[in-house]
Chemist: 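What follows is a structure written as structure tokens; I'll ask about it next.
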Amino acid sequence: MMKIIMGCDHGGFELKETLKKVLIEKGYEVEDYGIHKQERVDYPDYAQKVGEAIASGKGDQGILICGTGIGMSIAANKVKGVRAALCNDCYSAAKARQHNNANVLCMGARVLGPGLAQEIMEAYLNASFLGSYHEGRVEKIMALEK
């Protein structure tokens with residue numbers, strides 16, 4: 001089963017805890033990089049922790065949650081090797097994996113309810129990279145890091 005690395009800031013804490021429980025119930029291995037209690041923190045710190053873990057191969061996919069998901073996605077995409085996708089719907093979540101080989105899903109707890117967030121997470125995790133002509137495009141994205 002896939003190993004998921006999760007992280008959040010104070011705006012995403014409750015949603016992260018809800019989704020973590022769902023993942024564990026479905027048999028995923030979950031590593032939680034924090035936060036572990038409701039406290040005000042800076043989201044770039046957690047985006048970096050999760051991003052570095054994913055880029056180094058410590059997990060298969062990352063999930064980051066803040067208030068809007070925007071800050072987490074911007075910060076995570078600064079980590080070399082990360083392709084973070086901010087998703088607010090199931091279609092975009094699946095396409096992020098299928099076309100862009102995304103390795104970090106970002107969501108906003110103040111934008112999405114827990115039910116929709118779970119559906120988005122499942123669409124993302126159930127999709128897989130299609131390769132083919134998409135591979136060349138992903139290689140071009142990764143070349144931008146050089």
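These numbers come from the heavy atoms of this one structure, side chains and all, not from hydrogens, waters or symmetry mates.
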Chemist: Distance from Ser128 atom OG to Met2 atom CE, nearest 0.5 Å?
Modeler: 8.5 Å
Chemist: So, for Gly12 and Ile65, which heavy atoms are closest and what is the spacing to 0.1 Å?
Modeler: CA-CG2, 3.6 Å
Chemist: I'd like to know if the side chain of Asn101 and the backbone of Arg97 have a donor-acceptor N/O pair within less than 3.5 Å.
Modeler: no
Chemist: Do you know the tightest heavy-atom contact between Ser73 and Ala84?
Modeler: O-CB, 4.2 Å
Chemist: Looking at residues at least two apart in the chain, or sitting in another chain, which of them share a side-chain contact (heavy atoms from CB on, under 4.5 Å) with Ala75?
Modeler: Pro44, Ala47
Chemist: Is there a path of hydrophobic side-chain contacts, each under 4.5 Å between heavy atoms, that joins Val104 and Met6?
Modeler: no
Chemist: Please collect all side chain to side chain donor-acceptor pair (under 3.5 Å) contacts where either partner lies in residues 1-11, sequence neighbours excluded, each pair once.
Modeler: Lys3-Glu31, His10-Arg40
Chemist: Name all pairs fulfilling the side chain to side chain donor-acceptor pair (under 3.5 Å) condition that reach into residues 110-127, sequence neighbours left out, sorted by first residue then second.
Modeler: Lys26-Glu122, Gln61-Tyr124, Gln118-Glu122
Chemist: Take Asn100 and Lys95, measure what side chain to side chain contact (heavy atoms under 4.5 Å, CB included) needs, and give me the verdict at the end.
Modeler: CA-CA 7 Å; Asn100 308 113; Lys95 294 304 176 193; 5.6 Å; no
Chemist: For residues 135-146, which side-chain N or O atoms pair as donor and acceptor with protein atoms under 3.5 Å away, sequence neighbours left out?
Modeler:
residue	atom	partner	partner atom	Å
Glu145	OE1	Gly81	N	3.2
Glu145	OE2	Gly81	N	2.9

Chemist: Run the numbers on Lys21 and Glu25 for side chain to side chain contact (heavy atoms under 4.5 Å, CB included), then give the verdict.
Modeler: CA-CA 6 Å; Lys21 182 179 177 185; Glu25 288 171 357; 3.2 Å; yes
Chemist: ring-ring contact (aromatic ring centres under 6.0 Å, His included): which pairs involve residues 18-41, sequence neighbours left out?
Modeler: none
Chemist: With respect to Val30, which candidate in Leu19, Leu23, Val22 satisfies the side chain to side chain contact (heavy atoms under 4.5 Å, CB included) definition?
Modeler: Leu23
Chemist: Can a donor-acceptor pair be found, under 3.5 Å and without considering hydrogens, that links the side chain of Asp32 to the backbone of Gly34?
Modeler: yes
Chemist: Give every residue pair that meets the ring-ring contact (aromatic ring centres under 6.0 Å, His included) criterion with at least one member in residues 50-90, sequence neighbours excluded.
Modeler: none
Chemist: Nearest heavy-atom pair of Ile5 and Ala53: which atoms, and what distance?
Modeler: CG2-CB, 4.2 Å
Chemist: Is it true that Met1 and Ile63 fall in one hydrophobic cluster, defined by side-chain heavy atoms closer than 4.5 Å?
Modeler: yes
Chemist: Please list all pairs meeting ring-ring contact (aromatic ring centres under 6.0 Å, His included) that have one or both residues in residues 53-78, counting only residues at least two apart or in different chains.
Modeler: none
Chemist: Does any part of the side chain of Ile35, heavy atoms only, come nearer than 4.5 Å to the side chain of Cys8, both counted from C-beta?
Modeler: yes
Chemist: Quick one: closest heavy-atom pair of Ala123 and Ala93, and the distance?
Modeler: CB-CB, 4.4 Å
Chemist: In Å and rounded to the nearest 0.5 Å, what is the CG to CD1 distance from Leu125 to Ile120?
Modeler: 12.0 Å
Chemist: Could you give the distance from CG (Leu105) to CE (Met72), rounded to the nearest 0.5 Å?
Modeler: 12.0 Å
Chemist: Heavy atoms only: give me the nearest Cys87-Leu112 pair and the separation to one decimal.
Modeler: O-CD1, 4.0 Å
Chemist: Give the other cluster members for Ile74, using side-chain heavy-atom distances under 4.5 Å between Ile, Leu, Val, Met, Phe, Trp and Tyr residues; answer none if it is isolated.
Modeler: Ile70, Leu86
Chemist: Please check if Val50 and Val41 belong to a single hydrophobic cluster, counting links between Ile, Leu, Val, Met, Phe, Trp and Tyr side chain heavy atoms closer than 4.5 Å.
Modeler: yes
Chemist: Using only atom types and a distance under 3.5 Å, with no angle test, would you say the side chain of Thr18 pairs donor to acceptor with the backbone of Glu14?
Modeler: yes
Chemist: Quick one: salt bridge (charged side-chain N to carboxylate O under 4.0 Å, His left out) pairs with a partner in residues 44-66, sequence neighbours left out?
Modeler: none
Chemist: Can you list everything that forms a ring pair (Phe, Tyr, Trp, His ring centres under 6.0 Å) with His99? Sequence neighbours excluded, please.
Modeler: His134
Chemist: Looking only at non-hydrogen atoms, find the nearest pair between Ala94 and Ala127 and report the distance.
Modeler: O-CB, 3.7 Å
Chemist: Taking salt bridge (charged side-chain N to carboxylate O under 4.0 Å, His left out) as the cut-off, I'd like each qualifying pair that reaches into residues 69-92, sequence neighbours left out, listed once.
Modeler: none
Chemist: Decide whether Phe13 and Leu15 are clustered together by the hydrophobic rule: side chain heavy atoms of Ile, Leu, Val, Met, Phe, Trp, Tyr closer than 4.5 Å, transitively.
Modeler: no
Chemist: For residues 43-62, which residue pairs pass the ring-ring contact (aromatic ring centres under 6.0 Å, His included) check, not counting sequence neighbours?
Modeler: none
